[in-house]
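Have a look at the structure below, then the notes.
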Protein chains: 2
Amino acid sequence: MPTLSDVAQRAGVTTATVSNVIRGKGSVGPATAERVRAIIADIGYRPNLTARALAEGRAPTLALLVSSIANPFYPEFARAAEQAARREGHFLLVCHTETDADIGLAYLDRVSSGLSEGVLAMAGNLRPQDLVAVADRGVPVVLVMWEQTREALPMHSLTVDFHTAGRLAAEHLLALGHRSIGLVSAKTAEGCLVHVQRHCGFLATLAEAGVSLPDTSIEYDRDTIGGGFRAALDLLSRANGLTAVFATNDLLAIGAMQAAAALGRRVPQDLSVMGVTDIELAAQMRPALTTVAIGTVAVAESSIRLLLDKIRLGSVHNEQYSTPPPVLIRRGSTAPPPR
Amino acid sequence: MPTLSDVAQRAGVTTATVSNVIRGKGSVGPATAERVRAIIADIGYRPNLTARALAEGRAPTLALLVSSIANPFYPEFARAAEQAARREGHFLLVCHTETDADIGLAYLDRVSSGLSEGVLAMAGNLRPQDLVAVADRGVPVVLVMWEQTREALPMHSLTVDFHTAGRLAAEHLLALGHRSIGLVSAKTAEGCLVHVQRHCGFLATLAEAGVSLPDTSIEYDRDTIGGGFRAALDLLSRANGLTAVFATNDLLAIGAMQAAAALGRRVPQDLSVMGVTDIELAAQMRPALTTVAIGTVAVAESSIRLLLDKIRLGSVHNEQYSTPPPVLIRRGSTAPPPR
DNA sequence: TTGTAAGCGTTATCAT
DNA sequence: ATGATAACGCTTACAA
C-alpha cells in the first residue's frame with residue numbers, strides 16, 4: 001500500500017504538503033494541489049487511519065458494549081446509535097459481552113486503550129469497579145439504560161423512566177376494568193430482578209388503586225419469548241381467574257400471548273396481554289402487542305450525543321440529554337375483561 | 001494516560017524491556033520483570049492498541065459489513081462471527097451499510113485502510129467494483145452468502161447451497177401431499193429477485209414432480225414480516241385453493257402465518273406454511289415454523305476461519321471452508337392438506 | 001539480560 | 001506556499 005511519502009516523492013513535495021491537500025488545511029498552491037490529487041488517484045493512495053489516529057491522539061470510533069444481541073432490542077438500539085455516530089463521522093464498534101463480566105472487562109480494556117475514543121456501556125453485566133477504573137483512566141464513559149438499582153456510579157448516564165412505564169401499563173389495564181392481573185417478570189440466574197423499576201411502578205400503581213397482587217400471580221423467567229411462554233403458562237394454568245397479564249418486556253409478552261393461544265384463550269377477548277419497550281416485533285404480532293414505548297431511537301441518539309459532547313467538551317451537563325417520557329401504545333392485545 | 005516509557009522510567013529500564021515483560025517475549029530477569037509488573041499495576045498502565053497496531057502493521061480487528069440489521073438473521077450471524085473472532089483474539093467491527101452502496105463504500109474505504117485487518121462482506125448492496133478495488137489494494141476480503149447471481153468476483157467466498165434449500169422445501173411439501181402451493185418471495189425496489197436460488201430450486205423441484213405454479217400463485221414483497229403478511233394475504237384472498245405456502249425466508253413465512261390467521265385459516269390444519277433459514281424466532285412461533293436450516297452459526301465460523309487464514313497464510317484453498325448442506329427442520333406449521 | 005535506535009504512517013509546528 | 005522535523009506510543013532487530 002502506498003504511503004504519504006510515496007505520494008510526496010512522486011509529486012516532488014513533502015509529506016506536509018500532501019497531508020495539507022488531503023485535509024484541505026494549511027495553504028497549498030492550486031497547481032501543486034492538483035498535481036498531488038492526480039497522483040493520489042493514480043496510485044490509489046488511501047490514508048492509513050491507524051497512523052492518523054496515533055498522530056491525532058484519537059480514533060474515529062466509539063464503542064458500544066451490549067450484553068446479549070439475542071434480544072432484538074439491542075440491534076434496534078445499536079442501529080440507531082450507529083446511524084447517529086455515523087452522522088458525526090464516527091464508527092461504532094459493537095462489542096457483545098454475552099453474560100460474562102470478564103469478557104466485558106476484556107473488551108473494556110482493549111477498547112479503552114486506543115481502539116476507541118469513548119465507551120457507551122449498556123451491558124448490565126459490567127462490573128462497576130471495572131467501569132470506574134476505565135473512567136479514571138480518562139476514558140469518556142457513558143452509561144445507558146441501567147435499570148438495576150445499584151450504587152450511583154461517578155459517571156454520566158442516560159436513564160429511562162421505567163417506573164413511569166410500569167405505571168402507565170397499570171393505569172391502562174385498570175382503566176379497561178381489569179382487577180385480576182398477572183405479572184410476568186425477569187430474574188437473572190442469581191435471582192436478582194432485571195426489570196425492577198417497571199415491576200415496582202406497576203405494583204405501586206395497582207396498590208394505589210386498591211388492587212393487590214398475590215405472589216401466585218407473579219411469575220419469573222428468563223427475558224426471552226420462551227421464558228414468557230413458560231411463565232405465563234404456569235400463571236394461567238393456576239385457574240386464578242386472571243383477565244390480564246402484564247409482562248415487563250415485549251419478548252416476555254409475546255411468549256405470554258403464545259401461552260394464551262396454547263391454552264385456548266383468545267387475546268384480547270379472553271385475556272389482555274401487554275409489554276414494555278415497543279420493539280419492532282411488537283407491532284408485527286397478530287394481534288399487535290399493546291405496549292409502553294420507551295423511545296429507543298431517541299435514547300440511542302441522545303446517548304451518542306452525550307458521549308460525543310463529553311469527548312469534545314470534557315465535562316458536560318447531564319440535564320440537556322434527557323430521555324423521552326414513556327408512552328402507552330394501544331394496540332390489539334388489550335381489551336376490557338370478558339363478561 | 002501513562003505510556004510505556006513512563007513505566008520504563010519508573011522501573012529504571014528501557015521501553016524494550018518493559019515491552020518484553022508485557023508480551024512475555026525476549027528474556028528478562030525475574031527480578032526486573034516483577035518490578036516492572038508492579039509498576040504497571042501501580043500506575044495503571046495499559047498498552048495503547050493504536051500504537052501497537054501501527055508498529056505491528058496490523059490491527060486486531062476484523063470488519064463485518066452487513067446491510068440491514070433489521071433482519072434478525074444478521075444479529076444471529078454477527079453474534080456467531082464475533083464469538084469465533086474473539087476466540088482468535090480479534091475484535092469484530094460490525095458496520096451497517098443500510099441499503100446505500102455509498103455508505104458501504106465509505107465503510108469499506110475506512111475499514112480497509114488500517115482500521116481492520118480484513119473484511120467480511122455480507123452486504124448484498126456493495127458494488128462489485130468497490131470490493132475489487134479494496135481487494136486489489138491488498139486487503140483480505142471474503143464474501144459470505146452472496147446469493148444473487150452476479151459476475152464471479154475474483155476473491156474468496158463462502159456460499160450456501162440455497163438451491164438445495166428450495167428443493168428440500170418442495171420435496172417436503174410434495175411428500176405431505178400438497179399440489180396447490182403458493183410462493184412468497186422477495187424482490188428489491190429495482191425488481192431484482194433477492195432469493196433467486198431458493199426460488200428456482202423450489203420451482204424446479206415442483207416442475208420435476210409435474211406440479212406447476214401459475215403466476216397468480218407467486219407474490220413478491222419486501223423481506224420482512226409485514227411483507228410476508230401482505231404478500232400472503234393477496235395470495236390467499238385469490239381463492240385459488242392453495243393448501244400450502246412456501247416463503248423464501250422465515251420472516252416472510254411468519255408474516256404468511258399471520259395472514260392465514262387474519263383470514264381465519266388455521267395453520268397447519270387448513271394451510272401449511274414453511275420458510276428458509278431457521279432464525280431463532282422460527283422455533284418460538286406458535287405453531288413453530290417448519291423451515292430449512294442453512295446452518296447460520298457454522299457458516300459464520302467458517303467465514304471467520306477463511307478470512308483469518310487468508311490473512312495469515314496469504315492465499316488459501318477455498319475447498320476446506322465448506323458450508324453445511326441445508327437441512328429440513330420439521331415443526332408444527334406443516335401438515336398434509338385438508339380432506 | 002538489558003540497552004540502543006530505527007521504524008510504522010500520520011499530524012503539526014516551525015522555519016524558510 | 002512549501003520544507004524540515006519532531007512528535008504519537010509501540011515493536012523489534014541488533015548491539016552491548
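Values reported hereafter were calculated over all heavy atoms of this structure, with side chains retained and with hydrogens, waters and symmetry mates removed. Just so it is clear, the structure is predicted and the values come from calculations on it, not from any experiment. In what follows, chains are A, B, ... by sequence order, proteins preceding strands, each numbered from 1.
- In this structure a side-chain-to-backbone donor-acceptor pair under 3.5 Å is missing from A:Ser19 to A:Thr15.
- Checking A:Arg46 against B:Ser112 by side-chain atom types alone, no donor-acceptor pair falls below 3.5 Å.
- Panel note: side chain A:Ser302, backbone A:Thr323; no donor-acceptor pair is recorded below 3.5 Å.
- Between the side chain of A:Thr97 and the backbone N or O of A:Val66, at least one donor-acceptor pair lies under 3.5 Å.
- To the nearest 0.5 Å, atoms NE2 (B:His90) and CZ (B:Arg58) are separated by 7.0 Å.
- Using a 4.5 Å cut-off on side-chain heavy atoms (C-beta onward), B:Thr296 and B:Ile294 make contact.
- Separating the OH atom in B:Tyr107 from the CG atom in B:Leu115 is a distance of 10.5 Å, to the nearest 0.5 Å.
- Using a 4.5 Å heavy-atom cutoff, the side chains of A:Arg52 and B:Thr50 are not in contact.
- In this structure, A:Leu126 CG and A:Leu131 CG are separated by 5.0 Å, a value rounded to the nearest 0.5 Å.
- Chain B approaches DNA chain C within less than 4.0 angstrom (heavy atoms of the protein), and the contacting nucleotides run 5' to 3' from C:dT1 to C:dG9.
- The stretch residues 29-55 of chain A comes close to DNA chain C through A:Tyr45, A:Arg46, A:Pro47, A:Asn48, A:Ala51, A:Arg52, A:Ala55, each having a heavy atom under 4.0 Å from the strand.
- Taking OG of A:Ser116 as the start and CG of B:Leu93 as the end, the distance is 10.0 Å to the nearest 0.5 Å.
- Read 5' to 3', the first and last nucleotides of DNA chain D with an atom closer than 4.0 Å to a heavy atom of chain A are D:dA1 to D:dG9.
- Looking at A:Lys310, its side chain never comes within 3.5 Å of a backbone N or O of A:Val316 through a donor-acceptor pair.
- Interface residues of residues 106-114 of chain B facing DNA chain C, ordered by number: none; criterion, heavy-atom separation under 4.0 Å.
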Practice task
Mind running side chain to side chain contact (heavy atoms under 4.5 Å, CB included) on B:Arg79 and A:Glu98 for me, showing each step along the way?
Solution key: CA-CA 9 Å; B:Arg79 186 183 187 197; A:Glu98 302 300 327; 2.9 Å; yes
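- With rounding to the nearest 0.5 angstrom, the CD1 atom of A:Ile279 is 7.0 Å from the CG atom of A:Asn71.
- Non-hydrogen atoms lying under 4.0 Å from DNA chain C are contributed by A:Ala16, A:Ser19, A:Arg23, all within residues 14-24 of chain A.
- Taken over five-pair windows at either terminus, the axes of the helix from C:dT1-D:dA16 to C:dT16-D:dA1 are inclined to one another by 40° (rounded to 10 degrees).
- Where A:Glu56 and B:Gly12 meet DNA chain C, the nucleotide closest to each residue was compared, and B:Gly12 sits on the side nearer the 5' end.
- A side-chain donor-acceptor contact under 3.5 Å links A:Ser5 and A:Thr3.
- Salt-bridge annotation for A:Asp42 and A:Arg35: absent, with no side-chain N of the basic residue lying under 4.0 Å from a carboxylate O of the acidic one.
- To the nearest 0.5 Å, atom OH of residue B:Tyr45 and atom CZ of residue B:Arg10 are 13.5 Å apart.
- Residue contacts shown for A:Thr3 are limited to sugar-phosphate atoms, with no base heavy atom under 4.0 Å away.
- Remark: side-chain polar atoms of A:Glu76 are paired, donor with acceptor, to backbone N or O of A:Glu280 under 3.5 angstrom.
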